[in-house]
Amino acid sequence: MNRTLGVLISGRGSNLKAIIDAIEHGRLDARIAVVISNRADAPGLVHAIRAGIETLVLNHKEYATREDYDRALIHELRKRDVSLVCLAGFMRLLSPVFVDAFPDRILNIHPSLLPKYPGLQPQQQALDDGASESGATVHLVNKDLDAGPVVMQARVPVLAGDTADTLAARILELEHRLYPAAIAAVLDGTQS
Ligand code: GAR
């Protein structure tokens with residue numbers, strides 16, 4: 001079975017790093033064929049470069065439409081025989097063109113217990129809502145934002161005095177364990 005991943009990032013790339021580490025330590029049996037960023041200055045690219053993984057910058061501003069951009073992404077991923085696309089802090093909406101190209105083969109990680117707090121600033125949304133817990137969700141991507149089938153979730157408490165930043169840090173630690181485990185489950189076909 002093809003266990004080739006393509007990872008898409010826009011920024012810091014700590015989840016990418018967690019995936020790389022899980023592969024290197026034998027906790028995830030997979031290979032990352034390429035890391036693609038829509039921003040040339042994404043700090044996370046360095047994690048791929050250090051690990052000897054091919055990187056590619058596809059700047060969305062250089063494409064006339066969202067669909068044109070997505071077709072370029074599809075082309076690069078298919079060229080490398082990617083079977084599972086992992087969004088890791090990729091802050092771009094993907095069009096139906098992209099979703100249809102990889103049906104049930106796109107994963108995203110989101111820092112809330114979806115369906116709670118989709119979209120932007122989910123940690124602040126949890127605080128504003130007075131939630132007593134939050135967490136992280138890995139889900140399959142479909143055509144609706146942050147609404148595809150859940151693959152795995154993990155929870156953390158919201159503590160008195162939490163700010164969006166302290167809550168985000170607590171959730172992020174969880175994400176780094178959750179994402180590799182969820183990728184493994186999808187590759188093994190054991191996700192619920
Ligand atoms: C992570 O917290 C991830 O869950 C979130 O962005 C952060 C990326 O961090 N993604 C979303 O909010 C997607 N809607 P990273 O670049 O260090 O992996």
Side-chain angles (χ1 to χ4, degrees), residues 5-24 27-28 30 32 34-51 53 55-58 60 66 70 73 84-95 98-99 102 106-129 131 133-158 162-183 186:
L5 311 180
V7 183
L8 272 49
I9 68 168
S10 297
R12 179 180 54 189
S14 71
N15 277 290
L16 163 67
K17 172 80 165 54
I19 297 166
I20 293 171
D21 287 349
I23 293 172
E24 283 180 354
R27 282 180 277 117
L28 172 60
I32 302 175
V34 65
V35 172
I36 304 178
S37 171
N38 65 314
R39 300 179 53 112
D41 60 355
L45 285 169
V46 77
H47 299 305
I49 292 164
R50 280 194 194 131
I53 297 166
T55 58
L56 203 59
V57 173
L58 290 184
H60 56 277
R66 191 175 292 279
D70 285 0
L73 282 178
L84 186 63
V85 181
C86 301
L87 310 181
F90 185 65
M91 297 316 224
R92 296 267 318 152
L93 291 177
L94 292 166
S95 69
F98 191 88
V99 175
F102 294 97
I106 308 166
L107 286 178
N108 182 42
I109 187 157
H110 183 82
S112 77
L113 294 171
L114 291 173
K116 286 193 167 228
Y117 320 132
L120 295 176
Q121 301 188 319
Q123 302 92 348
Q124 189 60 51
Q125 289 186 53
L127 294 177
D128 292 346
D129 194 34
E133 62 169 12
S134 192
T137 302
V138 176
H139 66 95
L140 292 171
V141 172
N142 64 14
K143 289 169 193 170
D144 302 315
L145 177 69
D146 295 333
V150 170
V151 173
M152 240 179 231
Q153 288 185 314
R155 304 168 180 270
V156 291
V158 175
D162 259 343
T163 63
D165 284 347
T166 59
L167 180 57
R170 191 174 311 116
I171 294 173
L172 193 65
E173 213 180 305
L174 202 68
E175 293 184 42
H176 295 162
R177 296 194 298 274
L178 187 70
Y179 211 177
I183 293 168
V186 169

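Both ligands and their constituent atoms are indexed starting at 1 by order of listing. Because the structure is a prediction, the values reported are computed rather than measured. Only heavy atoms go into these numbers, but all of them, side chains included; no hydrogens, no water, no symmetry mates.
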Any side-chain heavy atom of Leu167 within less than 4.5 Å of one from Leu127? yes
Val150 and Leu114: which non-hydrogen atoms are nearest, and at how many Å? CG2-O, 4.4 Å
Residue contacts for ligand 1, heavy atom to ligand atom, distance under 4.0 Å: Arg12, Gly13, Ser14, Asn15, Gly89, Met91, Ile109, His110, Pro111, Leu172, Glu175
The criterion is side-chain contact (heavy atoms from CB on, under 4.5 Å); which residues satisfy it with Gln121, sequence neighbours excluded? Gln124
Applied to residues 5-17, the side-chain hydrogen bond (donor to acceptor under 3.5 Å, both in side chains) test, sequence neighbours excluded, yields Ser10-Asn38, Ser14-His176, Asn15-Glu175, Lys17-Asp21
Does a side-chain heavy-atom distance below 4.5 Å link Leu84 with Leu107? yes
Those residues that, when tested against Arg170, pass salt bridge (Lys or Arg N to Asp or Glu O under 4.0 Å) (two or more places apart): Asp162
